[in-house]
Amino acid sequence: MLLLRTISCVVLVALSAVAQTVKPVPAKIATQIPGQNAILMGAAWYPEQWPESRWEEDLRMMEAADLKVVRIAEFAWSRMEPSEGHYDFDWLQRAIDLAGKHHIVSVLGTPTATPPAWLTQKYPDTLRVERDGQRVTHGNRAHASASSPRYREFCRRIAEQMAIRFGHDPNVVGWQIDNEYGYALMSYDDATRRQFQDWLKAKFKTLDRLNAHWTTAYWSQTYDDWGEIPIPVGGHNPGLMLEWKRFVTSIWTSYQNNQIDVIRKHAEPRQFITGNLMGFFDGFDHYAITEPLSFASWDDYVGTGHVDPVHNGLAHDLTRGFKRKNFWVMETQPGAVNWSPLNNFLNRGEARAMAWQAIGHGADAVNYWQWRSALNGQEEIHGVLVGPDGTPVPFLDEVNQTAHEFAKVESGFRDTAPSSEVALLYSYDSHWAIQFQKHTEKYDDIKLLKSYYGALRQIAQSLDVVSAYAPLDGYKLVAAPSLSVLPKDLADHLLEYVRNGGHLVLGPRSGMKDEFNALLPQRQPGFLVDALGVRVEQYYALEKDFPVSGAWGSGQASVWAEQLKSQSQGDEVLLRYGKSNGWLDDQPAAVTRTCGKGRITYVGAVLDDNLMAAAADWMAKKSGVTPVFGPVPAGVEVSRRVGPGKQVFVLINYATETRRVPLPHPMHLALGTMQGDAIELPPYGVAIAVDK
Ligand code: GLA
């Protein structure tokens with residue numbers, strides 16, 4: 001048996017080729033609009049909330065501030081269809097035309113997050129039913145049922161009418177579907193439950209299969225009729241709960257596609273279609289929902305406190321990874337929001353740093369939410385660029401400065417996108433599976449992802465975050481910190497990467513479950529046990545930190561620790577637990593093993609920051625990963641975008657003191673100041689260096 005395992009790796013080495021080159025950047029960048037600057041700044045604008053006589057002044061001020069794009073109409077259903085079947089787009093046409101006159105392009109939002117009162121009152125079945133069986137009342141947003149066929153029909157009609165009217169408009173560059181996808185809220189009505197049951201039937205075909213995969217013999221859950229299967233509301237079978245998440249994904253995807261289909265039918269192909277997502281919001285699988293979109297967008301808010309550049313950079317990279325393409329920041333914070341526990345203001349310079357960080361990570365537009373607040377309504381005291389009197393708030397100065405900078409240096413970013421040698425793998429299935437059964441409240445897979453991200457990005461200075469199923473050739477190092485759901489096809493995909501010369505690093509809880517959220521009898525890491533030659537004997541939720549030491553130095557394991565055991569020869573122990581709970585004492589905590597032309601490393605514990613940094617250093621060295629720029633002082637973030645014959649670097653100082661960054665070789669400084677042979681970056685300072 002042991003011999004066979006070794007042979008399987010060796011044979012595959014001979015069959016495979018090494019493909020370790022940096023991935024080429026896609027030729028066409030969908031996020032850059034022909035005829036427009038390569039990077040744009042804009043705002044959400046609500047002309048329907050103001051007298052038409054005011055519009056021109058708003059647009060004049062926007063133009064003077066170098067704002068180049070407005071997103072409009074996404075909540076204006078009652079103005080666009082004041083009564084059933086009667087559409088009025090003339091006002092919107094005039095707003096779009098006037099914006100065009102001021103060299104501002106429009107992105108049209110479909111208004112389906114806010115159906116009008118006439119609709120929900122005449123057809124109450126379009127309103128969502130909450131978990132407690134109560135139908136929501138009108139007057140908020142995201143109140144409609146995405147699974148209601150009647151509601152979808154109304155959505156299709158308004159989207160179609162908008163596309164007929166504006167699908168050829170030269171000033172309309174694209175579309176946003178809905179707004180934040182109704183936060184993925186579902187209706188818990190009988191019709192939706194039946195849809196879920198039908199969806200399960202289409203997937204599993206027979207109840208015997210479903211019962212087997214969910215082990216329904218446990219707690220007498222056996223289903224004899226599809227109609228017996230409930231919508232899970234918590235505390236249900238983990239297999240059922242995971243399928244519900246997939247069903248929710250399918251509902252929001254088809255809800256979106258219902259609108260995309262009619263827009264594509266009538267609109268010119270040059271008009272993009274996107275959706276505004278929300279970083280690590282996990283209501284549905286973002287890899288699935290973004291599939292039909294031209295590119296992904298997201299709404300980048302800080303809320304309480306100040307920007308954490310590592311977390312924010314990770315969220316940008318996550319969004320870029322949804323389609324492995326550049327993206328837009330469709331909304332960002334104009335100083336303060338109104339919805340967090342403490343709506344403090346960003347420091348002066350912080351929003352500018354955030355805007356440039358977005359560009360560095362692959363955004364091609366940054367839009368503030370919002371231009372001016374409505375005089376009443378739920379968000380009347382949210383941050384804005386223009387006050388209730390119609391004159392600028394102080395924050396507009398900073399937007400002004402940043403937008404002018406965008407306009408000044410935009411050509412350096414044309415046809416460029418980030419390109420990385422290192423990828424982190426993310427999976428909604430695994431995230432949900434862990435959320436359902438955390439085992440310790442402290443287990444936070446996003447925090448663990450961030451710990452890998454922070455340590456590895458510090459070294460590589462560029463990193464992709466992609467779906468576990470994404471193509472991996474071209475990456476020198478791939479880390480999957482929490483790939484708990486790891487079915488056979490995914491294991492094969494990862495093994496192919498390893499055998500071709502890649503280095504795969506797995507974190508704790510890897511390979512525990514199959515696609516039905518059932519335990520894999522091999523134990524962790526499931527289908528990868530043979531290739532790794534090691535399995536997890538036992539896992540422990542930790543009530544306190546335990547010591548670990550080895551090749552990466554000494555430190556602490558916290559939250560979660562796994563006891564690893566060799567199953568064959570050839571593995572190298574990298575870390576061992578010190579004296580801990582008796583069970584873990586002196587047992588392996590991290591191992592590595594060559595396989596084919598590559599390597600698999602398994603880290604069975606959550607490591608402290610210092611140890612994580614040392615581990616990342618080892619991973620990078622072992623895989624030949626080098627920084628894309630070169631050494632930078634602590635607190636300075638570097639991002640790189642690559643295009644035909646050029647690279648452009650964005651450098652941002654998040655430290656509270658001035659930092660000096662030596663250029664690795666002469667470059668053109670498009671933004672920032674040199675002091676001698678180094679760039680001088682004050683706190684929140686930004687520099688753009690172009691390398692041709
Ligand atoms: C979200 C929404 C916007 C607005 C902002 C406020 O991102 O999409 O409509 O409510 O939050 O921060």
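Side chains included, hydrogens not; waters and symmetry mates left out as well; all remaining heavy atoms used. Start at 1 and go down the list; that is how both ligands and their atoms are numbered.
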(Q) Could you check whether R372 makes a cation-pi contact with W50, meaning its NZ or CZ is under 6.0 Å from the centre of the six-membered ring and within 45° of the ring axis? (A) yes
Which one holds for [X] and ligand 1: side chain close, backbone close, both close, or neither close, with close meaning a heavy atom under 4.0 Å?
X	answer
Q370	neither
R141	side chain
E379	side chain

**Q.** Mutual orientation of the aromatic rings belonging to H286 and F284 [parallel < 30°, tilted 30-60°, perpendicular > 60°]
**A.** tilted
Within the 4.0 Å heavy-atom shell around [X], which atoms of ligand 1 are there?
X	answer
E180	1 (C), 2 (C), 7 (O), 8 (O)
W339	6 (C), 12 (O)
N179	2 (C), 8 (O), 9 (O)
F75	9 (O)

Q: Answer whether the closest heavy-atom distance between the side chains of Q370 and Y46 falls below 4.5 Å.
A: yes
**Q.** Close side-chain approach of F413 and R641, heavy atoms under 4.5 Å
**A.** yes
Q) Going by the salt bridge (Lys or Arg N to Asp or Glu O under 4.0 Å) test, which pairs reach into residues 298-313, not counting sequence neighbours? A) D308-K450
Please write down residue, atom name and distance for the protein heavy atom closest to [atom].
atom	answer
atom 3 (C) of ligand 1	E331 OE1, 3.3 Å
atom 6 (C) of ligand 1	H382 NE2, 3.1 Å
atom 5 (C) of ligand 1	Y301 OH, 3.4 Å

Q: Check whether the side chains of Y188 and R131 place a donor and an acceptor atom closer than 3.5 Å, and report yes or no.
A: yes
**Q.** Heteroatom distance test (R71, ligand 1): nitrogen or oxygen, under 3.5 angstrom
**A.** no
Q: Can you sort out the partners of N171 under side chain to side chain donor-acceptor pair (under 3.5 Å), two or more places apart, ordered by chain and number?
A: none
